[in-house]
Amino acid sequence: MIKLLKRMRRKEWLMAGLCAVLVLGQIYFDLRLPDYMSNLTVLIKSPDSTMSDILHTGAEMLGCTLASAVLCVVCGFLTAKTAAGFGFSIRENVFNKIADFGQQEMMSFSVPSLINRTTNDITQVQTLVAMGLQILVKSPIMAVWAIIKIVNKSWTLSAITAGFVVALLVMMVLIIGIVVPRFRRVQKLVDKINSVARENLTGINVVHAYNAEDYQNEKFEKGNVTLMKTQLFNQRAFALLMPSVTLAMNALSLVIYWVGAALVNNVPSADAALRLTTFSDIVVFGTYATYVIMSIMMMVMIIMLIPAAQVSAQRINAVLDTRLSLREGTKTDAPEKGTVEFRDVSFHYPSSDKDVLSHISFTARQGETVAFIGATGSGKTTLVSLIARFYDATSGQVLVDGQNVEDYTFDALYNRIGYVTQKAVLFSGDIRENVLFGESQAEGSDDNVRQALELAQATEFVEKLPGGIEAPIAEGGTNVSGGQKQRLSIARALARKPEILVFDDSFSALDYRTDAKLRAGLEEQLKDTTRLIVAQRIGTIRHADKIIVLDEGRAVGIGTHDELMQNCPVYQEIAKSQLSKEELGA
């Protein structure tokens, strides 16, 4: 928690410091009241006191109360502003850190957990800061100050008060020691529930289609019941604290007045002044002792928040302290243009020692169309993801424009590449915003949008939408069809005017007519652009300048369609499963 607080901005620290000063002022005025009560008791019992003396003392008490109230209001305002600013800065830091994550970091945390850390965990910490700025400063200082005030008034009553305080503190430490490990479990269970809920909502159509509502409900119910039982244990443990503190406060007052009555009774009746002073001291002692217990009660309120906030702070720090696996290079220039080269590249995922790609070598020249084909799981998507540097190669080198991709700045690398993912992803906004998504060197004009849409064969359906290129797109592109979503994703890559286009099985959602027209347009209008195409259909890639056949992570064939039909058994097997006898004969 302290480590996370160190990330607080200077502005928040200044407001927190001012708030602490105001809290000290509150404590000063609050602890002056018992002294005034003692004076009032003496004045009321003294026969020579006047009404003006009593009213004057009462006015001073009222002034202290008003001053404390004003300081409390101002401090509350500053506390809320400090907590909100702290939450804002931490949330921004976490979001920016996650935005820099590569695939390795995303897999290690999981999306539901990162969402939970960015929202719920930060809220837990922010709540603690909002309450703690006042109570964590006020309660211990008030308790110590009150103890100093009463310690010389009666050693007997001081010992009684100390016994109550020690008993309460021991109980608090025991409960916290039991509950804290369970709060860590709660956060993990919340992550799991978020994962199940997100999975269910994302695949709701599949759930309905397969009549799997009961199965999904059981999965959610299992995690939900476990979470409920864990939280019930924590809340029941904390439920002991507040009644115990209240009971201790009332019992302490009863014992003080009971023992105090005996002390007053032991004072000789003839010594009226000493008897009055003793009585006044006991009244003041009882008030200060109540302040001590009230301070502990305030600490209990914070202690109920600290375990959850501490666990949340650790989870937030785990994100912020994550060492990024992908380090940005420094170079922006390159000796070539539009080339991609793999030099004996091998790769395995961090979670496995088995190579997904083994000793891949090939070169794509400027303007060439290089295609990748193979069975599912052969490593096609992994291969092209190394070009966009979603991962770094385990061994070997991946070069873009004659320069190792690890040496480029991210801007320099991504300005050269237009990447169309296997699963089309659109963002909430409109068509124009999605096509011009992100930063690039290309012109962000409507003409550029329309040219990209036309080349992607998307103009026909976009013009029919209300608003044209300003037609709204729902989150995830749920208001357009799969083929339309794919064409808009392709248009987004084309609008960047890249040197290299990477299509990761991006034509699978297109019909044969649209597929053919799109490939013809790319061949005609982007002759100088290098095109790397991952495909399942031979019809999509049979005219490529070079086809690379992958099988279990190895390049088992490299050549044109005709060459592979002569010398690559794996390619021949794929061709026989997709092409007619006439096409095979041709």
Side-chain angles (χ1 to χ4, degrees), residues 99 106 111 115 197-210 380-381 384-385 388 390 414 417-440 442-498 501-522 525-526 529 531-537 539-540:
M106 294 298 292
V111 172
I115 292 173
R198 184 173 181 270
E199 180 184 60
N200 188 66
L201 294 174
T202 304
I204 193 67
N205 289 337
V206 177
V207 173
H208 290 327
Y210 284 84
K380 303 184 296 297
T381 295
V384 294
S385 70
F390 297 155
Y414 295 128
I417 298 173
Y419 194 97
V420 187
T421 55
Q422 187 174 21
K423 181 181 178 181
V425 177
L426 298 181
F427 299 87
S428 58
D430 56 36
I431 290 177
R432 185 181 188 278
E433 291 173 350
N434 273 277
V435 174
L436 296 178
F437 184 76
E439 298 179 2
S440 70
E443 182 182 358
S445 64
D446 289 352
D447 288 339
N448 185 22
V449 173
R450 291 188 175 91
Q451 290 174 9
L453 290 171
E454 183 176 359
L455 184 53
Q457 308 303 309
T459 303
E460 181 181 354
F461 81 85
V462 169
E463 289 180 346
K464 295 179 181 179
L465 296 173
I469 62 174
E470 295 182 356
I473 295 294
E475 182 181 356
T478 55
N479 59 336
V480 292
S481 69
Q484 292 171 342
K485 190 189 299 186
Q486 194 70 69
R487 280 177 277 175
L488 291 176
S489 296
I490 294 171
R492 180 168 58 203
L494 296 174
R496 298 178 66 83
K497 309 291 186 187
L501 277 168
V502 180
F503 299 98
D504 183 7
D505 199 14
S506 307
F507 303 138
S508 58
L510 306 181
D511 59 78
Y512 285 99
R513 175 175 168 273
T514 303
D515 183 351
K517 290 178 66 176
L518 174 56
R519 286 186 288 106
L522 293 174
Q525 299 183 36
L526 301 179
T529 301
R531 298 172 294 281
L532 306 177
I533 302 174
V534 173
Q536 299 287 350
R537 299 194 302 236
T540 301

Can you tell me how far [atom2] of [Y] sits from [atom1] of [X], rounded to the nearest 0.5 angstrom?
X: Ser445; Y: Leu436; atom1: OG; atom2: CG; value: 7.5 Å
X: Ile473; Y: Leu426; atom1: CD1; atom2: CG; value: 6.0 Å
X: Gln457; Y: Leu522; atom1: CD; atom2: CG; value: 8.5 Å
X: Arg450; Y: Ile431; atom1: CZ; atom2: CD1; value: 11.0 Å
X: Leu518; Y: Gln486; atom1: CG; atom2: CD; value: 10.0 Å
X: Arg496; Y: Leu501; atom1: CZ; atom2: CG; value: 10.5 Å

Which of Asp504, Thr421, Asp505 passes side chain to side chain donor-acceptor pair (under 3.5 Å) with Thr381? It is Asp504

Looking at residues at least two apart in the chain, or sitting in another chain, which of them share a side chain to side chain contact (heavy atoms under 4.5 Å, CB included) with Lys423?
-> none

Taken in chain and number order and not counting sequence neighbours, the residues that satisfy side chain to side chain contact (heavy atoms under 4.5 Å, CB included) with Arg519 are Phe507, Asp515, Ala516, Thr540

For [X] against [Y], the heavy-atom pair lying closest together:
X: Ala491; Y: Val435; value: O-CG1, 3.9 Å
X: Arg531; Y: Leu526; value: NH1-O, 2.6 Å
X: Ala471; Y: Leu465; value: CB-CB, 3.8 Å
X: Pro472; Y: Pro466; value: CD-O, 4.4 Å
X: Ser506; Y: Ile490; value: O-CD1, 3.9 Å
X: Asn434; Y: Arg492; value: O-CD, 3.0 Å

Keeping the roles fixed (side chain from Glu470, backbone from Gly467), state whether a donor-acceptor pair exists under 3.5 Å.
-> no

State whether the number of non-hydrogen atoms from other residues, nucleotides or ligands found under 6.0 Å of Gln422 atom CD is greater than 12.
-> yes

Test log, rule side-chain contact (heavy atoms from CB on, under 4.5 Å), inputs Gln451 and Glu454 | CA-CA 5 Å; Gln451 290 174 9; Glu454 183 176 359; 5.6 Å; no

Should the ring pair Phe390 and Tyr419 be called parallel, tilted or perpendicular, given that the plane angle runs from 0 to 90° and is split at 30 and 60?
-> perpendicular

Assess whether side-chain contact (heavy atoms from CB on, under 4.5 Å) is satisfied between Phe437 and Leu488, documenting all intermediate values.
-> CA-CA 11 Å; Phe437 184 76; Leu488 291 176; over 6 Å; no

Should the pair Arg537 and Tyr512 be classed as cation-pi, given the thresholds of under 6.0 Å to the six-membered ring centre and 45° from the axis?
-> yes

